[in-house]
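Residues: numbered from 1 along the sequence shown.
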Amino acid sequence: MHDDSEDGYFGDLLATSSARGRAGLIIDGGVRDVKDLTAMQFPVFSRAINARGTVKATLGSVNIPVVCAGALVNPGDVVIADDDGVVVVPAAIARQAADAAAAREANEADKRKRLAPGNWARHVQMREPLEKAGLKYID
């Protein structure tokens, strides 16, 4: 964005005309037509939702570094977004980050199995340290 506006820069019309083949939109500004974008299953991560539209008369550039929500994004960087947020992974460490993420997912999947109701403290070996810290268990 060229200014600090939270107006609705992107909505269903732009999604309809440009979304084919796109994974979604991350914008450091506002969007509109959220109900329609949701129905289209077009994921959008924005700073604001605003029904006020904009004039799209300013030319932009492609494949240049940009700053979005305070994060520097360079061409080739990997941008990942889900319900928990957005992260920018520099291209130079993308493989390392993917490997670390896969290891963490596997670790958490294993913990999830061990954290069955009633077993959490025993399985993560926290009961004894917690008791030493003053936690009282009532079995």
Side-chain angles (χ1 to χ4, degrees):
M1 312 311 306
H2 293 284
D3 58 16
D4 197 26
S5 173
E6 293 185 347
D7 290 350
Y9 283 90
F10 188 92
D12 72 316
L13 294 178
L14 276 176
T16 299
S17 67
S18 66
R20 183 168 287 132
R22 308 286 192 276
L25 172 74
I26 299 169
I27 183 171
D28 193 9
V31 296
R32 53 191 270 146
D33 307 324
V34 172
K35 181 178 177 182
D36 296 324
L37 293 171
T38 301
M40 294 170 70
Q41 296 183 326
F42 188 79
V44 173
F45 301 84
S46 67
R47 181 166 26 114
I49 298 170
N50 193 329
R52 181 178 176 175
T54 62
V55 175
K56 283 82 172 167
T58 305
L59 295 178
S61 299
V62 177
N63 286 329
I64 63 165
V66 297
V67 175
C68 184
L72 176 63
V73 185
N74 288 293
D77 286 351
V78 178
V79 181
I80 302 161
D82 67 11
D83 291 342
D84 293 325
V86 179
V87 65
V88 178
V89 180
I93 63 165
R95 173 51 43 205
Q96 177 185 351
D99 292 344
R104 182 174 180 149
E105 285 288 326
N107 180 293
E108 288 183 2
D110 180 58
K111 284 182 182 176
R112 215 170 270 110
K113 288 178 188 173
R114 293 184 290 127
L115 295 175
N119 297 324
W120 71 273
R122 290 181 189 94
H123 289 297
V124 292
Q125 301 166 347
M126 291 296 296
R127 187 172 185 128
E128 185 178 331
L130 290 172
E131 285 177 333
K132 285 181 182 179
L135 182 66
K136 303 287 184 208
Y137 284 90
I138 301 172
D139 290 322

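- When hydrophobic residues (I, L, V, M, F, W, Y) are linked wherever their side-chain heavy atoms come within less than 4.5 Å, the members clustered with Ile64 are Ile26, Phe45, Val66, Val73, Val79, Val86, Val88.
- Counting only residues at least two apart or on different chains, the salt bridge (charged side-chain N to carboxylate O under 4.0 Å, His left out) pairs with a member in residues 5-14 are Glu6-Arg47, Asp7-Arg52.
- Every residue meeting the side-chain hydrogen bond (donor to acceptor under 3.5 Å, both in side chains) condition with Lys132, not counting sequence neighbours, appears here in chain and number order: Glu128.
- When the side-chain hydrogen bond (donor to acceptor under 3.5 Å, both in side chains) test is applied to Ser46, no partner is found at least two apart in sequence or on another chain.
- Judged as a salt bridge (charged side-chain N to carboxylate O under 4.0 Å, His left out), not a single pair has a partner in residues 68-92 (not counting sequence neighbours).
- Distance alone, capped at 3.5 Å, places no donor-acceptor pair between the Asn74 side chain and the Pro65 backbone.
- Closest non-hydrogen pair, Ile27 versus Tyr9, comes out as CD1-CB, 3.8 Å.
- Scanning both residues, Pro43 and Ala23, for their nearest heavy atoms gives CG-O, 3.1 Å.
- Within the 4.5 Å cutoff, side-chain heavy atoms of Phe10 are placed close to those of Leu37.
- Here Asp110 pairs with Arg114 under the side-chain hydrogen bond (donor to acceptor under 3.5 Å, both in side chains) rule; sequence neighbours left out.
- With values rounded to the nearest 0.5 angstrom, Asn50 atom CG is found 8.5 Å from Arg32 atom CZ.
- One finds the CG atom of Leu13 at 6.5 Å from the CG atom of Asp33 (value rounded to the nearest 0.5 Å).
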